[in-house]
Novice: 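The structure follows.
The chains referred to below are lettered A, B, ... by the order of the sequence lines, with proteins before strands, and numbering in each begins at 1. Computed over heavy atoms, backbone and side chain alike; hydrogens, waters and symmetry mates excluded.
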2 protein chains.
Amino acid sequence: MVSEKTIGRLSLYRRLLNGLMEENRRNIYSRELALLAGGTAPQVRRDLMSIGYSGSTASGYDVADLADSISGFLGNPGGTSGVIVGAGNLGRAIISYFASRRPMLKLLAAFDNDPSKIGAEVCGRPCWDIAELSEKVAEFGVRLGVITVPAEAAQETGDRLVFAGVTGILNFAPSRLRVPDNVYVEHVDLTTSMEKVAYFVQSNTQRRTLEA
Amino acid sequence: MVSEKTIGRLSLYRRLLNGLMEENRRNIYSRELALLAGGTAPQVRRDLMSIGYSGSTASGYDVADLADSISGFLGNPGGTSGVIVGAGNLGRAIISYFASRRPMLKLLAAFDNDPSKIGAEVCGRPCWDIAELSEKVAEFGVRLGVITVPAEAAQETGDRLVFAGVTGILNFAPSRLRVPDNVYVEHVDLTTSMEKVAYFVQSNTQRRTLEA
DNA sequence: TAGATTGTTAATCGATTAACAATC
DNA sequence: TAGATTGTTAATCGATTAACAATC
């Protein structure tokens, strides 16, 4: 019903609205929200209509009420707990990134296969042996997993997570995961993102050089 | 001409091909590459056709030759140097992430406004005062910037980078940047990515609960 | 040749955009 | 009322998918 892109934008709208509430803003127009979110006004209205929320003509949307409605639809991400597999540089950064935000993902533990990390604490979270992954995930009833292992190990890691009952994966490894239909995978490829920017920078530079 | 999505996929293809070369694979079919990249075979062929590369029937694509052609089109990301603004948890992680990969972005320096960080080293890179940003960026001829500052400071940071001559920005702050037409912005919003996964996990859980 | 693959063309699908009537 | 905004409908655009001819 509601598209995946809309889900992502609603998440952004909610955070923008929370920011506005701190400034005591009461109402907002689709045009303003679109400007903040980097979209268009009709798009914002369509997104909100898709979750059954209506604004009122001439006064737009009530900031607090809209934030509540989006939360009612998206649910509370802070109520979801997860685990992270791969306690390298990126893994540690993700842990501290999410730990420093309030209504955010609770990462209960990290997993790694490096003996020097197993048993230690990583950014305040315990780091366990990957061999214990299935057991621990099932024990805590975790349904969300974050993958920050090298590309070669990503599929095996995904398989383990799914086997243990995880139904949502945030994958930072640059390889696509094959998972059952009921499992959702969100893919974040930092290297691709960076290379896209590098490409446009280089083509821009070339254009300038040719013009000169 | 070539779509932005294709640019991103070509980046992934190149890395997958580099991996295959280490295994001494000589040729590959669109179907196999699609499986690795998480796409479809016609899509892979279309992407390659869009950069003027042709395979041969019955033997597919030459791995080394294709990797070369993609590199000829995308350019060398390792030849691009950049700076990062914001030396917090995420900023440090990004520095170490890109530093640990070979043909990757060279981040020359970090910038921050925290006096305790200015003058220090951050993951082997110097950390300078944001006030010096324009001067330093112009001095080194940097054209790529990474933004890892809080949302409130993102637009100002982007303005400074653009003013100093940056034409490509990798933005990790959850707010859209307004930039001139000749500047390319790639947006990575980790919180949105995570909340999308959390949403699908929760809706999955609800469905299961209702079924039970 | 037979079989599998590639490149090309047409059809489909989805999302975005534009135009307009309804509303406060 | 006048003006600006919302929700709705139709048109456009782009990318993906499917079907097919060409090729080794």
Novice: Rounded to whole Å, how long is the line connecting atom CD of A:Glu4 with atom P of C:dG14?
Specialist: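 Going from CD in A:Glu4 over to P in C:dG14 covers 14 Å.
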Novice: Output the rounded distance in Å from CD (A:Gln43) to P (D:dT8).
Specialist: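 The answer, rounded to whole Å, is 17 Å.
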Novice: With heavy-atom distances below 4.5 Å as the criterion, would you say the side chains of B:Ile28 and B:Asp62 are in contact?
Specialist: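 In short, these two side chains do not touch, never coming nearer than 4.5 Å.
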Novice: Answer yes or no: side-chain N or O of B:Thr57 and base N or O of C:dT6 forming a donor-acceptor pair under 3.5 Å.
Specialist: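 Donor-acceptor pair under 3.5 Å: no.
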Novice: Take the protein atom CG of B:Asn27 and the nucleotide atom P of D:dC24, then report the distance between them rounded to whole Å.
Specialist: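 The answer, rounded to whole Å, is 16 Å.
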Novice: Both distances under 3.5 Å, Watson-Crick or G-U wobble: on that basis, could you give the dot-bracket string for DNA chain C, with [ ] for crossing pairs and | for other-strand partners?
Specialist: ..||||||||||||||||||||||
Novice: Do you see a donor-acceptor pair shorter than 3.5 Å between the side chains of B:Asp47 and B:Gln43?
Specialist: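 No pair is found: no donor N or O on one side chain lies under 3.5 Å from an acceptor on the other.
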Novice: Strictly below 4.0 Å: does A:Arg45 bring a side-chain N or O up to OP1 or OP2 of C:dT16?
Specialist: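 The answer is no; no side-chain N or O of A:Arg45 sits under 4.0 Å from OP1 or OP2.
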Novice: Step through it carefully: locate the ring centre of A:Tyr53, locate the ring centre of A:Phe73, and say whether they are under 6.0 Å apart.
Specialist: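 No: the rings miss the under 6.0 Å criterion.
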Novice: Choosing from C:dC24, D:dG7, C:dG7, which nucleotide comes nearest the side chain of A:Ser54?
Specialist: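 For A:Ser54, the side-chain atoms sit closest to D:dG7.
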Novice: Given atom CG of B:Asp47 and atom P of C:dT6, what is their separation to the nearest angstrom?
Specialist: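 Atom CG in B:Asp47 sits about 14 Å away from atom P in C:dT6.
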Novice: Only pairs at least two apart or in different chains count here, so list each side chain to side chain donor-acceptor pair (under 3.5 Å) that has a residue in residues 163-184 of chain B.
Specialist: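 Only B:Glu4-B:Tyr184, B:Asn171-B:His187, B:Tyr184-B:Glu186 qualify under side chain to side chain donor-acceptor pair (under 3.5 Å).
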Novice: What's the OH-C1' distance between B:Tyr61 and D:dC24, to the nearest Å?
Specialist: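 Between C1' of D:dC24 and OH of B:Tyr61: 14 Å.
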Novice: Quick one: label B:Ser59 by what it contacts on the DNA or RNA (base, sugar-phosphate, nothing), any heavy atom closer than 4.0 Å.
Specialist: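 No contact.
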Novice: Is there a side-chain contact between A:Ser30 and the phosphate of D:dT5, meaning an N or O under 4.0 Å from OP1 or OP2?
Specialist: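 Indeed not, no polar side-chain atom of A:Ser30 lies that close.
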Novice: Rounding to an integer number of Å, can you tell me how far A:Lys5 NZ sits from C:dT16 P?
Specialist: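 These atoms are roughly 5 Å apart.
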Novice: In whole Å, I'd like the distance from the CD1 atom of B:Ile28 to the P atom of C:dA4.
Specialist: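 Answer to the nearest Å: 19 Å.
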Novice: Nearest of C:dT6, D:dG7, C:dG3 to any side-chain atom of B:Tyr29?
Specialist: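 Looking only at side-chain atoms, B:Tyr29 lies closest to C:dT6.
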Novice: With a 6.0 Å cut-off (strictly less than), is the heavy-atom count around CD of B:Glu132, excluding the residue itself, greater than 12?
Specialist: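 Atom CD in B:Glu132 is packed in, count exceeds 12.
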Novice: When you check the phosphate oxygens OP1 and OP2 of D:dG14, does a side-chain N or O of B:Ser3 lie under 4.0 Å from one of them?
Specialist: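 Looking at the OP1 and OP2 atoms of D:dG14, neither is under 4.0 Å from any side-chain N or O of B:Ser3.
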Novice: Between B:Asn18 and B:Glu22, is there a side-chain donor-acceptor contact under 3.5 Å, judged purely by atom types and distance?
Specialist: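 Not at all, the side chains of B:Glu22 and B:Asn18 share no donor-acceptor pair under 3.5 Å.
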Novice: NA contact type, B:Arg31, heavy-atom cut-off 4.0 Å: base, sugar-phosphate, or nothing?
Specialist: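 Touches sugar-phosphate only.
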Novice: Is there a donor in the side chain of B:Thr192 and an acceptor in the side chain of A:Arg15, or the other way round, less than 3.5 Å apart?
Specialist: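 There is such a pair between these side chains.
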Novice: Find which nucleotide of DNA chain D each of A:Ser56 and B:Arg46 is nearest to by heavy atoms, and output the residue with the more 5' nucleotide.
Specialist: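 In this pair, the answer is A:Ser56.
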Novice: Just how far, in rounded Å, is C1' of D:dT5 from CG of A:Leu33?
Specialist: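 Going from CG in A:Leu33 over to C1' in D:dT5 covers 14 Å.
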